[in-house]
Amino acid sequence: MRYVDAGYAVALVTLGAYAVSLVARRRRWERAYEASADPSYPDSGLDTEALAAESDDAGSLDAGSASVRRERP
Amino acid sequence: MSARRTLPPRPRWLDPIGVLGVVAMGFTVWLGLWITPPDRTQGDLARLLYIHPPIATVALYWVGGVAVAGSLLYLWPRTRSFFWDRLAASAVEVGAVFSALTLVTGSLWGRPAWGTWWTWDARLTSTALLLLLEIGYLALRRVPADPAVRAKRCAVAALLIAIDIPLVHFSVDWWNTLHQGGTFLDPGFKIHASASMAWTFLLGFIAFSLIFVWLLGVRYRIERLQDAVGDRDFEVSLTERWSEGSGQGSSGAPGDGSDDALVGAGLSNAPPGGEGRGR
């Protein structure tokens, strides 16, 4: 029975640990996303409210252009 | 400059699926370890078959299906969208975990059944190859590149996984393997097990499938957040560049034609190209 017990234990513990790690990563990235949504982030000296009020029809900056990807923890 | 787009909220249906999966898993473990009778031939060792084939099914068919379909849909210009790329990448990462578990639980079954932890049997070897291909895909994903270039590379890598899936599936038919064919179902889908065993087996499939869906959803959300944070950082960088430019005496307003340096660096607010849209 020990092989059976080990099999169940390995499967459940691995999936549980992976699920917990995913939830932790998601929370970290949600905090990073919320921080980047803060109008005062970063203080560029520009009128961010005016920028935010411009039309969205100009399209996004990311599509089709070279992208600068910053790694966040 | 565009307003910052907000990410849609997390889907509400995802967590209930996870809860359902955990409950189903609990019943599977309870039934598998304590309620179902031992097998006539394998004895208690057969209890591993309530988890090993379901894990393998997820690793091969659900993961393979999502990863390959997502990659093909990304590669096809009409349906190209980073949604498919993110979905495929999420499926491959979850799939790597399930593939590893398939091999481990299989070894734990094989040691007492075959007398060995490992053999270069067609089914085992092709499953190990699947795990290696998934790890390779994940390594390729970490290579720094433009998102569209990265997505294309990974989509092509996923096609190798597509080739391995039928190898794994038909390995027990094409080659003279140690690994048996269907345990509970024969090719005519006739069940060769007692009712409690068959129902526990089915419950195991449902449990692991639900857990896979939940893990995939969470992993996809992480991909989406990473892209969104990257996009915002990019917008911030661009805003800073423009503000520097206006501070240094150029006409300064974005898009007025004087930002040749930005154009040359590919950072202008030019209309988006065809590839990589749909984020």
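Below, chain A is the first sequence line, B the second, and so on; all start at residue 1. What you are looking at is a predicted structure, and each value in this text was computed from that prediction instead of being measured.
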Got a second to check how far [X]'s [atom1] is from [Y]'s [atom2], nearest 0.5 Å?
X: A/Trp29; Y: B/Asp227; atom1: CH2; atom2: CG; result: 9.0 Å
X: B/Gln226; Y: A/Arg26; atom1: CD; atom2: CZ; result: 13.5 Å
X: A/Leu15; Y: B/Trp214; atom1: CG; atom2: CH2; result: 10.5 Å
X: A/Arg31; Y: B/Leu225; atom1: CZ; atom2: CG; result: 12.0 Å

*Do A/Thr14 and B/Val104 touch side chain to side chain, with heavy atoms closer than 4.5 Å?*
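The answer is no; the side chains never approach within 4.5 Å.
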Discussion item. Quick check on B/Val22 against chain A: is it the side chain, the backbone, both or neither that has a heavy atom closer than 4.5 Å?
Written reply: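 When you check distances to chain A, no heavy atom of B/Val22 falls under 4.5 Å.
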request  = Go through the atoms of B/Leu215 and report whether side chain, backbone, both or neither lie under 4.5 Å from a heavy atom of chain A.
outcome  =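 Contact with chain A: backbone and side chain both.
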Specify the closest pair of heavy atoms between [X] and [Y], including all atoms of both residues, with the distance to one decimal.
X: A/Leu22; Y: B/Ile222; value: O-CD1, 3.3 Å
X: A/Tyr3; Y: B/Leu48; value: O-CD1, 4.0 Å
X: A/Tyr8; Y: B/Arg47; value: OH-O, 2.7 Å
X: A/Ala11; Y: B/Ile51; value: CB-CD1, 4.2 Å
X: A/Val4; Y: B/Leu45; value: CG2-CA, 3.8 Å

- Task: Evaluate whether atom CZ of B/Phe205 has more than 12 neighbouring non-hydrogen atoms of other residues, nucleotides or ligands under 6.0 angstrom away.
- Result: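 Count over threshold, so yes.
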Review point. Partners of A/Arg25 by salt bridge (Lys or Arg N to Asp or Glu O under 4.0 Å), sequence neighbours excluded?
Key: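 Result, salt bridge (Lys or Arg N to Asp or Glu O under 4.0 Å) vs A/Arg25: B/Glu93.
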Report the option among B/Ile211, B/Thr105, B/Val97 that has the most heavy-atom pairs separated by less than 4.5 Å from atoms of chain A.
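The option with the most such pairs is B/Val97.
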Would you confirm whether A/Tyr33, through its side chain, and B/Leu7, through its main-chain N or O, come within 3.5 Å as a donor-acceptor pair?
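Confirmed, A/Tyr33 side chain pairs with B/Leu7 backbone.
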